[in-house]
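One structure below.
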Amino acid sequence: MKKVGIIFGGKSAEHEISLLSAKNVYDAIDKEKFAPTLIKIEKSGKWQMNEIFNYDVIFPILHGPFGEDGTIQGLLKLADIPFVGPDVLGSAVGMDKDVMKRLLRDADIPIGKFLTVKSNEAMPSFAEVQKAIGSLENNSIFFIKPANMGSSVGINKVKNQDELSAALKDAFQYDTKIIIEEFIPGREIECAVLGNEEPAASLPGEIIPSHDFYSYDAKYIDDNGAALEIPAKLDNETIERIQQLAIKVFKTLNCEGLSRVDFFLKPDGNIIVNEINTMPGFTKISMYPKMWGSSGISYTDLITRLIELAISRFERDRLLKTSK
């Protein structure tokens, strides 16, 4: 029986979400195949236990900085321990929205217009943002986001100078680099990807927010913050395009194991990539496992598959090292 360490918590603003994900994974893991142990990292960064080297595989169910950005992945790689999810590079570029968007753009993957602003630079005015990335279609509405954060933490929708100034101040609480994105009207579609060298994509799901947008409150506080349509009501041709694009994003960003790719489906049928999430929320009612559930893989079987993928990648990489 393989010993699985489930690392959770962490120093990021997504600490509480990680607690929920870890509890669900621990409860659902196949205990006839695996012996799981919970390993908590406090908000201060203190580890509940210092020994992580006596496990056959680690499931780092950590969200956001210091967990989803390549940090913990680098530690585990150095310790020579298999782990669930993308490797160091895929985790790092998937976390940084600025780097992610540049790589996707260079791969001719459709993304929205964006600006990157660093804390040591002059802040752009609303008129300057309008000139750079505005359009008649969105009537100059923009989203402000920390470059390295998830779960809609620090995200604001702005329509004028006062809102822009307040949103920049809020976003810079979480990162020294922020992204300003054009508003893209359309349906919010998500697709789960699973695999290593030959990844597969799930049936897509749709988020139908009841709030102005799919904010942190809509995701985690308001029980009626959004409706989830799984699978999304889409024609077969659109489903296939979304699945193919999700896999292309996954491969372009050097991801393995799992990721969730988020899209906007515009009224004219065009599909725009919003972002990738390399360690998406993993409660049994989260979008990632629910999309695979609708595609025929149960929550417990999905956890087993992810652990098997982690071990398979570890063995592959070890053979490559020894063959050199």
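The shown structure was predicted, so the numbers you read here are calculated from the model rather than taken from an experiment.
- Partners of Phe314 under the ring pair (Phe, Tyr, Trp, His ring centres under 6.0 Å) rule, at least two apart in sequence or in another chain, do not exist in this structure.
- By the salt bridge (charged side-chain N to carboxylate O under 4.0 Å, His left out) test, Asp87 pairs with Lys77, sequence neighbours left out.
- Scored by the side chain to side chain donor-acceptor pair (under 3.5 Å) test, Glu315 finds Arg318 as partners (sequence neighbours excluded).
- Shown here are the side chain to side chain donor-acceptor pair (under 3.5 Å) partners of Ser298, two or more places apart in sequence or in another chain: Asp301.
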Would you list the atom pairs, donor with acceptor, under 3.5 Å between side chains in residues 246-258 and any protein atom, with sequence neighbours excluded?
{"unit_1": "Thr252", "atom_1": "OG1", "unit_2": "Lys248", "atom_2": "O", "d": "2.7"}
{"unit_1": "Glu256", "atom_1": "OE1", "unit_2": "Arg316", "atom_2": "NH2", "d": "3.2"}
{"unit_1": "Glu256", "atom_1": "OE2", "unit_2": "Arg316", "atom_2": "NH1", "d": "2.7"}
{"unit_1": "Glu256", "atom_1": "OE2", "unit_2": "Arg316", "atom_2": "NH2", "d": "3.3"}

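- Here Tyr26 and Phe8 keep their ring centres 6.0 angstrom or further from each other.
- In summary, the aromatic rings of Phe282 and Phe59 are positioned with their centroids under 6.0 Å apart.
- Residues satisfying the side chain to side chain donor-acceptor pair (under 3.5 Å) criterion with Thr116, sequence neighbours excluded, are Asp98.
- Residue pairs meeting the salt bridge (charged side-chain N to carboxylate O under 4.0 Å, His left out) criterion with at least one partner in residues 34-43, sequence neighbours excluded, are Glu16-Lys43, Lys40-Glu42.
- Residues satisfying the side chain to side chain donor-acceptor pair (under 3.5 Å) test with Asp317, not counting sequence neighbours, are none.
- Every residue two or more places apart in sequence or in another chain that forms a salt bridge (charged side-chain N to carboxylate O under 4.0 Å, His left out) with Glu163 is listed here: Lys159.
- Under the side-chain contact (heavy atoms from CB on, under 4.5 Å) criterion, Ala171 pairs with Ile144, Pro146, Ile178, not counting sequence neighbours.
- A search for salt bridge (charged side-chain N to carboxylate O under 4.0 Å, His left out) contacts involving Glu237 returns Arg241, not counting sequence neighbours.
- For the salt bridge (charged side-chain N to carboxylate O under 4.0 Å, His left out) test, residues two or more places apart in sequence or in another chain that qualify with Lys101 are Glu181.
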